[in-house]
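Taking it in order: structure first as structure tokens, then the write-up.
Reminder, nothing fancy here: chain letters follow the sequence lines and each chain counts from 1.
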Amino acid sequence: MALQLYNTRARRKEAFDPVDPDCVTMYVCGPTVYNLAHIGNARPVVVFDTLFRLLQTHYDKVVYARNITDIDDKIMRAAQEQGVAIDVIAGEFAQKYREDTAQLNALPPTLEPHATDNIGPMIALTESLIERNHAYAAEGHVLFDVTSMKDYGQLSGRSLDDMLAGARVEVAGYKRHPGDFVLWKPSSADEPGWESPWGRVRPGWHLECSAMIREHLGPTIDIHGGGRDLIFPHHENELAQSCCAFGDEFVRVWMHNAFLDMDGEKMSKSLGNVATIRELLTRYRGEVLRFALLSAHYRSPLNFSEALLEQAEQTLTSFYNTLRSVQGIELDCEVSLEGEGFYAALCDDLNTPLAISELHVLARDINKASGSDKPALKARLLAAGNLLGILQQDPLEWLQGDGASDLQGLDAEAVEALIAERVAAKANRDYARADEIRDELTAGGIILEDSAGGTLWRRINS
RNA sequence: GGCUCGGUGGCAGAGUGGUUAUGCAGCGGAUUGCAAAUCCGUCAACGCCGGUUCGAUUCCGACCCGAGCCUCCA
């Protein structure tokens with residue numbers, strides 16, 4: 001199934017055509033590690049993880065790099081406030097980021113380059129820019145000269161004139177043009193810094209990505225991803241730096257995810273509605289968060305709310321309920337993705353909502369199927385779930401495990417004992433006692449399902 | 001002000017120039033000791049005004065409303 005991706009630069013979907021089909025490259029802007037990641041940060045993580053999984057079905061080798069920005073003024077401020085070195089802050093939050101994203105079933109990226117490990121390549125890139133008259137040093141800074149690039153603004157679709165018209169920020173005196181951006185800024189002796197041809201400096205924000213992409217992935221990468229807000233200035237400036245320094249095509253496909261709203265409002269610190277992944281994980285399992293994030297197309301805004309999470313949890317439970325019903329069934333065949341609706345949906349610019357609708361169809365088919373059809377249907381549902389990064393755990397763990405409920409309810413043994421007692425009561429037609437036991441279990445957060453094969457149970461929050 | 005992107009049934013959310021996804025909720029039914037789960041059926045939508053067309057929710061234009069970026073930001 002041919003893969004189509006929406007390219008921000010072209011503003012339309014294009015057939016994906018990697019430079020080297022034997023080694024596909026993707027770079028996604030990762031976190032600046034100075035605090036806990038919030039749920040908005042989780043969206044690109046989940047979206048590009050899903051793309052990573054999808055790419056691996058098309059190509060034998062996919063190199064996925066996600067950087068860690070470990071030098072930045074925000075990190076410096078946090079370090080100063082806590083009286084520690086920046087690498088302490090950066091190390092702590094990079095680790096927490098890895099833990100949080102793992103909870104979202106995001107696979108680790110192939111590479112995780114750190115800015116401070118790539119100062120050499122950043123200096124080399126800058127020297128190339130200066131040599132080619134695209135950058136200049138001024139008052140301890142090194143700046144990119146936006147007028148030196150004829151088609152600066154091509155990615156975001158704006159011109160230098162437009163930007164001047166909209167300028168709302170006072171322009172620093174050392175800039176030749178208001179749109180010039182910083183490659184390096186001066187660092188005093190007590191600030192983190194590196195010796196360079198321009199004195200003691202630290203890198204500006206955009207430089208690391210250009211340098212690390214070149215260093216670790218090569219001159220031209222296939223996919224560069226991130227949040228929509230990065231289109232300008234971050235990615236525009238990366239593009240300018242790389243093109244002007246090296247002259248090669250930089251990125252084949254630019255991909256950007258839309259933002260999350262929180263209960264209909266923009267998420268912002270001033271509104272106090274920033275939810276960290278970590279906080280949400282105390283109330284919902286990571287798979288619920290992931291499923292919620294995939295329930296809308298990645299280029300559409302998604303309103304993040306309790307109702308969304310509850311529905312996500314309910315939907316996953318119904319899928320796991322179906323999977324429990326075929327738990328004992330052996331998978332006896334390979335799934336061919338070609339021709340599968342969920343696969344076609346994902347190949348069409350990662351249409352996850354449409355793919356999810358195909359999961360519902362498969363689940364219904366399993367629920368209706370005769371025994372002989374079940375193994376193949378089960379295999380297809382699991383394959384679909386695997387591409388989306390969901391439905392891979394033991395159904396009983398989902399339905400009955402501790403994570404299924406934050407009620408400090410009954411343990412599994414107690415539940416089983418009560419169910420046994422109820423079965424006996426029912427056998428004696430003592431329905432009063434049977435219902436009494438059901439009520440007791442309900443109070444303990446347990447839902448019973450009587451079926452021909454016996455009584456099944458699950459925790460209420462699943 | 002400039003540049004982008006949207007407005008779909010009660011809610012979430014796809015998609016399409018004609019046969020009107022999917023899920024939740026609702027309603028009716030099957031099943032069930034009761035319930036749950038499941039299955040079947042069903043109600044219901046394309047911001048507004050024009051244009052193109054045999055026919056537009058889908059294409060074009062205007063308008064209204066909303067969002068993002070232009071400043072750190074997923």
Side-chain angles (χ1 to χ4, degrees), chain A residues 8 11 28-32 34 37-48 72-74 77 153 155-170 178-179 205 225-234 236 256-261 264-269 274 292-303 305 307-308 310-312 314-315 317-319 321-322 324-325 341 345 348 351-361 363-368 399 425-426 429-432 434-435 438-439 441-442 446-452 455-458 460:
Chain A
T8 302
R11 295 202 183 81
V28 175
C29 286
T32 300
Y34 70 104
H38 60 246
I39 190 65
N41 296 304
R43 193 172 195 189
V45 170
V46 168
V47 164
F48 291 105
D72 173 272
D73 287 4
K74 291 190 289 292
R77 198 181 315 127
L155 176 64
S156 54
R158 49 189 91 201
S159 68
L160 285 176
D161 291 343
D162 292 339
M163 283 179 248
L164 281 183
R168 282 198 263 148
V169 173
E170 204 172 323
W205 178 33
R228 210 181 173 87
D229 56 316
L230 298 181
I231 296 171
F232 190 91
H234 186 51
E236 191 70 72
H256 296 96
N257 62 275
F259 270 32
L260 246 45
D261 284 337
E265 287 188 303
K266 177 178 173 159
M267 180 163 56
S268 74
K269 281 181 185 165
V274 176
L293 289 168
L294 292 175
S295 68
H297 186 86
Y298 76 92
R299 284 188 285 110
S300 296
L302 172 63
N303 186 23
S305 63
L308 174 73
E310 279 160 24
Q311 189 164 329
Q314 188 181 337
T315 302
T317 289
S318 93
F319 287 147
N321 227 8
T322 295
R324 169 163 67 176
S325 75
D348 182 10
N351 192 336
T352 52
L354 189 57
I356 289 168
S357 77
E358 296 290 339
L359 261 60
H360 285 288
V361 173
R364 195 199 313 127
D365 287 349
I366 290 175
N367 290 334
K368 288 162 65 172
L399 296 166
K426 279 173 62 178
R429 306 190 68 82
D430 180 0
Y431 294 119
D435 290 345
R438 181 201 293 287
D439 292 343
L441 286 166
T442 303
I446 306 297
I447 292 174
L448 297 183
E449 294 172 20
D450 289 339
S451 74
T455 298
L456 302 173
W457 64 276
R458 63 185 161 88
I460 199 160

Phosphate contact (C72(B) OP1 or OP2) by Arg77(A) side-chain N/O below 4.0 Å: no
Any strand: nucleotide that pairs with G66(B) via Watson-Crick or wobble, under 3.5 Å: C5(B)
Sugar-phosphate, base or nothing in reach of Arg11(A), heavy atoms under 4.0 Å: sugar-phosphate
Shortest side-chain distance from Trp205(A), nucleotide among C73(B), C69(B), A74(B): C73(B)
Phosphate OP1/OP2 of A74(B) contacted by Asn41(A) side-chain N/O (<4.0 Å): yes
Integer-rounded Å distance: A74(B) P and His234(A) NE2: 10 Å
Rounded interatomic separation in angstrom, taking OH from Tyr298(A) and P from G6(B): 12 Å
Minimum side-chain heavy-atom gap Asp450(A)-Arg438(A) below 4.5 Å: yes
Side-chain donor/acceptor of Arg43(A) to base of A74(B), under 3.5 Å: no
Sugar-phosphate only, base, or nothing, as touched by Thr322(A) at under 4.0 Å among non-hydrogen atoms: nothing
Sugar-phosphate only, base, or nothing, as touched by Gly40(A) at under 4.0 Å among non-hydrogen atoms: base
Contact under 4.0 Å: Lys266(A) side-chain N or O vs C69(B) OP1/OP2: yes
Heavy-atom side-chain contact between Val46(A) and Leu294(A) under 4.5 Å: yes
Distance, rounded to the nearest Å, where Ile460(A) contributes CD1 and A35(B) contributes P: 17 Å
Donor/acceptor link under 3.5 angstrom from Arg228(A) side chain onto base of C69(B): no
Residue Arg158(A), side-chain atoms from C-beta onward, closest of C34(B), A12(B), C69(B): C69(B)
Between C1' of C72(B) and OH of Tyr34(A), the distance in whole Å: 7 Å
Side chain proximity check, Leu260(A) to His38(A), heavy atoms < 4.5 angstrom: no
Pairwise 5' ranking along RNA chain B for Tyr431(A) and Asp348(A), keeping only the more 5' one: Asp348(A)
P-based separation of G9(B) from G2(B) [nearest Å]: 31 Å
Distance, rounded to the nearest Å, where Glu358(A) contributes CD and G13(B) contributes C1': 14 Å
Same-atom distance (C1') from G26(B) to G10(B), integer angstrom: 9 Å
Donor-acceptor under 3.5 Å (Arg228(A) side chain, Phe259(A) main chain): no
Close side-chain approach of Leu302(A) and Leu308(A), heavy atoms under 4.5 Å: yes
Under 3.5 Å: donor-acceptor pair, side chain of Glu236(A), backbone of Ser156(A): yes
Euclidean distance for C1', G41(B) against U53(B) (whole angstrom): 37 Å
Trp457(A) side chain near A36(B) phosphate (N/O to OP1/OP2, under 4.0 Å): no
N/O (side chain, Arg299(A)) to phosphate O (OP1/OP2, G6(B)) under 4.0 Å: no
Aromatic plane relationship, His234(A) with Trp205(A) - under 30° parallel, 30 to 60° tilted, over 60° perpendicular: parallel
Residue Pro44(A), side-chain heavy atoms: nucleotide from A74(B), A14(B), G23(B) that is nearest: A74(B)
Distance, rounded to the nearest Å, where Arg438(A) contributes CZ and C34(B) contributes P: 11 Å
5'-most by nearest nucleotide on RNA chain B - Ala434(A) or Pro233(A): Ala434(A)
Residue-phosphate contact under 4.0 Å: Ser300(A) side-chain N/O, A14(B) OP1/OP2: yes
Distance, rounded to the nearest Å, where Phe259(A) contributes CZ and C73(B) contributes C1': 6 Å
Minimum-distance nucleotide (side-chain atoms of Asp435(A) versus C39(B), G33(B), A14(B)): G33(B)
Phosphate contact (G15(B) OP1 or OP2) by Asn351(A) side-chain N/O below 4.0 Å: yes
N or O in side chain of Gln314(A) less than 4.0 angstrom from A25(B) OP1/OP2: yes
Base paired to A30(B) (Watson-Crick or G-U; both N/O distances under 3.5 angstrom): U38(B)
Rounded distance in Å between the C1' positions of A44(B) and A25(B): 12 Å
Pair Arg364(A), Asn367(A): side-chain N/O donor-acceptor within cut-off below 3.5 Å: no
Strand partner of U19(B), provided both Watson-Crick or wobble distances fall under 3.5 Å: none
Distance test, side-chain N/O of Asn257(A) to OP1/OP2 of A74(B), below 4.0 Å: no
Sugar-phosphate, base or nothing in reach of Leu302(A), heavy atoms under 4.0 Å: sugar-phosphate
Distance between P atoms of U38(B) and G23(B) (Å, rounded): 11 Å
Arg458(A) CZ - A37(B) P separation (whole Å): 6 Å
Nearest-angstrom distance, C1' atom, A14(B) to C60(B): 24 Å
Under-3.5 Å donor-acceptor pair between His38(A) side chain and A74(B) base: yes
Complementary nucleotide for C49(B) - Watson-Crick or wobble, under 3.5 Å: G61(B)
Nearest listed nucleotide, side chain of Pro353(A), among C70(B), U38(B), G13(B): G13(B)
Distance between P atoms of C43(B) and U4(B) (Å, rounded): 43 Å
Sugar-phosphate, base or nothing in reach of Leu260(A), heavy atoms under 4.0 Å: base
Under 3.5 Å: donor-acceptor pair, side chain of Glu449(A), backbone of Leu456(A): no
Touch class at under 4.0 angstrom, heavy-atom based, for Leu448(A) against every strand present: base
C1' spacing across the pair G15(B) / A45(B), given as an integer number of angstrom: 13 Å
Check: C34(B) base within 3.5 Å donor-acceptor of Asp450(A) side chain: yes
